[in-house]
Amino acid sequence: MTIQQIATQPFSDQRPGTSGLRKKVTRFQQPHYLENFVQSIFDSAGDIQGKTVVLGGDGRYYNQQAIQTIIRMAAANDIGKIMVGRAGLLSTPAASTVIRKYHTHGGIILSASHNAGGPDGDFGIKYNTANGGPAPEKITEAIYQRSKEIDRYLILDSTDVPLEQCGTHRVGGMEVEVIDPVADYAELMEQLFDFPAIRNLLAEGFTLRFDAMHAITGPYAHEILENRLGAATGTVINGTPLPDFGGHHPDPNLAHARELVEQLFSDEGPDFGAASDGDGDRNMILGKNFYVTPSDSLAVLTANAGRVPGYRNGLTGVARSMPTSLAVDRVAEKLGIDCYETPTGWKFFGNLMDAGKVTLCGEESFGTGSNHIREKDGLWAVLFWLNILAARKQPVAGIMQQHWKEYGRNFYTRHDYEELILEEAQGIMEHLEQQFATLEGRRLGSYRVEQCDNFSYTDPVDGSTSSGQGIRILFEDGSRIVYRLSGTGTVGATLRVYIESYEPDPGKHQQDPQHALAPLIDIAVELGQIDSRTGRTAPSVIT
Ligand code: VG1
Ligand code: CO
C-alpha cells in the first residue's frame, strides 16, 4: 500500500452553507470533487496526525463510496484511527455523541439532511469539532479558503474496508474501528429520560407511531422505542434506511410526512406521532388530531424540563435561532433564565453550550436539542415529549392548550419559495433593504413598523460577528416578518418568509395560524414584491 499524491485543481463552489457542503450527487461524483473537499478539511482541522476521527453518514446514495474514499485519505493523511458506524451509518446526533464520549479530534458526517437522495438527489459532507458540534464559521471559512487553492490530495492505494460487521481493521498505519451506530446513543438516551415511566405509559395502552421516512433513524427508533421501551412492533414505520429514501423527501413536516399525518388525523389513529429527517436531527411532533409547531415544541420542553430526569436540576438558559418564534422567550422570562437569539444553523449554539450559558436550544425548522450533545436531535425530542406525556398524563393537545393559556400563543408560519432564480431572490432581499429607511414608523394595515434591520450576531463567548443573517421587519405589537435565503438548497435559491404574531387572548387561540396571520402574510408578500418578482402566486411549502 502506497500513499499517492494526486495533483488536482480547485473547484470554486466548495463554500459550506448553513450545515456543511451540499451539492447534487452528480457534482460530488465528478473526479476529485469529494477528495478536494476532504483534503481541505484535513488541511484545516488542526493537528490531526495520530488523532481519532469519527465517520458516518445517513446512508444516502454515494454514502458507501464516499466512506471508503475518506478512509483511504485519512490513512494517507496520518490520522491515527477512524471510528466508523457499521455499514457506514451514523445519525448526526449519534456522531456527535460518539465524538464526545470517546474524546475524538472531530468527525466527518455525510448527509444532505432533509434533501432528497438517490443518483439525481443531493449529497453532503460536514466537519464537526471535538465538542461534537458543527465546525464554527472560522473553520468552515478556512476549509473554503483552502479549497480555493488546493493543488494535491493524499490517498492510500488500498482496498475497501469491510464495514458490515463491528470489529477493527488496519489500513496502512491507521486503525479502523467499525462500531455499533446505535449503542452509545441509546445508552445516553436512557440516562436522560425516565424510561420506566415511558414504558408504563405504553403498557397502559398509550399508542404511538414513528415515521423514520426510510432514513437513518429507523435502526435507532426500532431499538429505543420498540426494543427498550416496549412499544408495539409496527410502531416504527418506514424503518429501513434506503439510499433514495423510497423516492421521498426525508423531511418531517406536514407536506412530506403525509402518511403519518393522515394516521394521526384519523379516528382510529394513535395518541402520538413523530417523524425525523434524513440524518436524524429533526423532529415533527403530532398529537391526536394535533400538530405541534416546532417553536411551540421548544417552549413546551423548556416549561416542562423539570419533569425530566436529565434536566431536573434546572436549565442554565435557552437559545433559539432568530427566525424561531418568541414562544420560548416567554417561558424563559417566567423561569428567570437567559434566552439567546442566534443566527440560523446549529453551529451558533455550540459556544453557548460549551460555556454553560444554555441547556436547551431550538430552531423553527423542526430542530430541538440540548447540551447532551452539540447537534439538534430528533429522537431526543420525541423521548422528551414522551417523558412529559408520561408525567402529565394529558393528551398532546391538552398540554399545548394549557401552555397557550398560561403564556399566550405565538401564531407562527413559514412560507418557502423554492427553486427561485438566484438573481430574483437576491432582488427581493435588496428591494427590502432599500425600504428600511422609509418603513420605520409606517403603518401597514393595522400594524405599525417599529424597526427593520438585517440581523447581525455577535457571539457573547468568542466575540465573533456574523452579519446579513436575515431581514427583520419588527412591528410595534411584537409581530414580525423575517426574510432569509436558504443556505442548504442545491438548486437556484430558496426564499424563506417567517411570519409571527402574539395573541394573549385564550378565546382566540383556536384559530388556524394561516387565518390568524393572513393580514401579515399579505403584507409580507407585498413588501417583498414576491409575486411580481418571481411570478409565483403561492409558496412551495408552508410549515
Ligand atoms: C435549514 C434550516 C435551519 C437548519 C438547517 C440545517 O437551513 O432553516 O434552521 O439549521 O437547515 O438543518 P436553511 O439555510 O436552508 O434555512 V438539517 O436537518 O438540513 O442539517
Ligand atoms: Co437534518
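First listed ligand is number 1; within each ligand, the first listed atom is number 1. In this text the structure is predicted, and so the values were computed from the model without any measurement.
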Taking only heavy atoms of [X] into account, list the atoms of ligand 1 that are under 4.0 Å away from them.
{"X": "Asp281", "value": "18 (O), 20 (O)"}
{"X": "Arg414", "value": "8 (O)"}
{"X": "Thr344", "value": "3 (C), 8 (O), 9 (O)"}
{"X": "Gly487", "value": "13 (P), 14 (O), 15 (O)"}
{"X": "Ser19", "value": "6 (C), 20 (O)"}
{"X": "His114", "value": "19 (O)"}
{"X": "Asp277", "value": "18 (O)"}

Look at [atom] and say which protein heavy atom is nearest, naming residue and atom and giving the distance to 0.1 Å.
{"atom": "atom 4 (C) of ligand 1", "answer": "Glu363 OE1, 3.5 Å"}
{"atom": "atom 17 (V) of ligand 1", "answer": "Ser113 OG, 2.8 Å"}
{"atom": "atom 11 (O) of ligand 1", "answer": "Arg282 NH2, 3.0 Å"}
{"atom": "atom 7 (O) of ligand 1", "answer": "Thr488 CG2, 3.5 Å"}
{"atom": "atom 2 (C) of ligand 1", "answer": "Ser365 OG, 3.5 Å"}
{"atom": "atom 20 (O) of ligand 1", "answer": "Arg22 NH2, 3.0 Å"}

Query raised in the report: Is any side-chain heavy atom of Arg533 less than 4.5 Å from a side-chain heavy atom of Gln529?
Result: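 Side-chain contact under 4.5 Å: yes.
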**Report entry** Expected output: side-chain Asn128 to main-chain Gly132 donor-acceptor under 3.5 Å
**Finding:**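 A pair under 3.5 Å: yes.
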Please work out whether the ring planes of [X] and [Y] are parallel, tilted or perpendicular, with thresholds of 30° and 60°.
{"X": "Tyr291", "Y": "Phe366", "answer": "tilted"}
{"X": "Tyr62", "Y": "Phe28", "answer": "tilted"}
{"X": "Tyr412", "Y": "Tyr498", "answer": "tilted"}

Query raised in the report: So, are Glu375 and Arg100 salt-bridged, with charged N and O less than 4.0 Å apart?
Result: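 Looking at Glu375 and Arg100, the cut-off is not met.
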Query raised in the report: Would Asp211 and Arg209 pass as an ion pair if we require N to O under 4.0 Å?
Result: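 Salt bridge absent between Asp211 and Arg209.
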Report task. Using heavy-atom distances, let me know which of Lys126, Lys376, Arg496 sits nearest atom 12 (O) of ligand 1. Result ->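 Looking at heavy atoms only, the winner is Lys376.
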Query raised in the report: Do we get Arg330 above Tyr502's six-membered ring, with its NZ or CZ under 6.0 Å from the centre and within 45° of the axis?
Result: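 Yes, a cation-pi geometry holds between Arg330 and Tyr502.
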Report task. Assess Gly345 for proximity to ligand 1: is some non-hydrogen atom of it under 4.0 Å away? Result ->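 Yes, that is the case, since the closest heavy atom of the residue is under 4.0 Å from the ligand.
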Query raised in the report: Under 2.8 Å from the Co ion (ligand 2), is there an N/O/S atom belonging to Ser19?
Result: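 Checking the Co ion (ligand 2) against Ser19, no N, O or S atom falls under 2.8 Å.
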Query raised in the report: Are Phe11 and Tyr33 close enough, and set up right, to give a ring pair (Phe, Tyr, Trp, His ring centres under 6.0 Å), and what steps lead you there?
Result: CA-CA 7 Å; Phe11 294 91; Tyr33 193 86; 4.7 Å; yes
Query raised in the report: Do the ring centers of Tyr220 and Tyr185 come within less than 6.0 Å of each other?
Result: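 Aromatic pair counts; centres sit under 6.0 Å.
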Query raised in the report: Any chance the rings of Tyr340 and Phe348 have centres within less than 6.0 Å?
Result: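 Not close enough - the centres of the two rings lie 6.0 Å or further apart.
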Atom name of the N, O or S atom in [X] that lies nearest to the Co ion (ligand 2):
{"X": "Asp279", "answer": "OD1"}
{"X": "Asp281", "answer": "OD1"}
{"X": "Asp277", "answer": "OD2"}

Report task. Begin with the C-alpha distance, continue with both residues' side-chain angles, and end with the deciding distance and a verdict on ring pair (Phe, Tyr, Trp, His ring centres under 6.0 Å) for Tyr407 and His403. Result -> CA-CA 6 Å; Tyr407 295 96; His403 185 92; 4.5 Å; yes
